[in-house]
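Some notes on the structure that comes next.
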Amino acid sequence: MLRLGVNIDHVATVRNARGTPWPDPLRAALLAEQAGADGITAHLREDRRHIRDADIDALMSGLRLPLNLEMAATAEMQAIALRHKPHAVCLVPEKREERTTEGGLDVVGQEAMLARYIAPLREAGSRVSLFIGHEPAQIRAAARIGAAVVELHTGAYCDFDTEGRTAERDAELAALIEGAALADSLGLEVHAGHGLTFDTVAPIAAIPQVKELNIGHFLISEAIFLGFPDAITEMRRRIEEARS
Ligand code: PXP
């Protein structure tokens, strides 16, 4: 089965726009669980622009589903992760000015640092995931440093699709398919995510080695029109259809 992790960051974005207590990310996470999500993902950014520290406290104590905590590889975030010991920690590159996570982590360029960084997280029992592009060198480096999971960045594939650049989209998809096979052959669990929509999810869900998709912004967007549970149900339906 292909798991669906629902990213609730942008529930917090709406809340923070007005400084109210609503909409509450934990309430959204519990609703996502009822609608069939297999996990909840939240990205605690350095600037706390969406999820904040108190949200992580609330999710850790109020959720039954596993929490996948996305974060940059900083000392501050490592201390937070070691305090909470979430089910999974997904390391992402983070630039203060970016609108969203733009590229994958450079594991090759920071191999020794990342190997040291993830060791205590692994010892604390969190599954360590690295958010990377499909480049074979990055995948091999992730395996060398002992990550349990790689999450392949589907953002470029989705952007090309939106822009109607079909040849580039198909090339990107082919590279993701190859990357997933390579990662799986090296013993890494393969996840994928970023930018996925109803229109783009099927070819990614059909990659047999992919075990989990993490989807946020589009589901929160569709919640305006369909409601959050129905948006999740429809995403699941498309995932299952693609998988079979
Ligand atoms: N996976 C990772 C590692 C991410 O950083 C994000 C965005 O926070 C997502 C998945 C979800 O992307 P989106 O919100 O575009 O669905």
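Read the numbers this way: they start at 1 and go in the same order the structure lists the ligands and their atoms.
By the criterion of a heavy-atom distance under 4.0 Å, the side chain of Glu70, and not its backbone, is placed next to ligand 1.
In this structure, the side chains of Val107 and Ile132 come closer than 4.5 Å at one or more pairs of heavy atoms. Proximity of Val89 to Pro86: side-chain heavy atoms (C-beta onward) are separated by under 4.5 Å at one or more points.
For the pair His217 and ligand 1, the shortest N or O to N or O distance falls below 3.5 Å. Where the criterion is an N or O separation shorter than 3.5 Å, residue side chain and backbone included, Gly195 meets it with respect to ligand 1. Taking only nitrogen or oxygen atoms, main chain and side chain alike, Gly216 reaches within less than 3.5 Å of ligand 1.
Between Phe131 and His153, the ring planes are parallel. Angles under 30° get that label, and only those over 60° would be called perpendicular.
Heavy-atom contacts of Asn7 reach the following atoms of ligand 1: 8 (O) (cutoff under 4.0 Å). Close contacts of ligand 1 with Asn214, meaning ligand atoms under 4.0 Å from a residue heavy atom, involve 10 (C), 11 (C). Within the listing of ligand 1, atoms 3 (C) sit less than 4.0 angstrom from a heavy atom of Val92. Proximity to Ile215 (heavy-atom distance under 4.0 Å) selects the following atoms of ligand 1: 16 (O).
Nearest to atom 10 (C) of ligand 1 by heavy atom, out of Met71, His191, Glu151, is Glu151.
Taking NE2 of His87 as the start and OG of Ser129 as the end, the distance is 10.0 Å to the nearest 0.5 Å.
Leu30 and Gly62 make their closest contact through CD2-O, 3.6 Å (heavy atoms, listed as atom of the first residue, atom of the second, distance). The heavy-atom pair separating Asp106 from Leu114 by the smallest distance is O-CD1, 4.2 Å.
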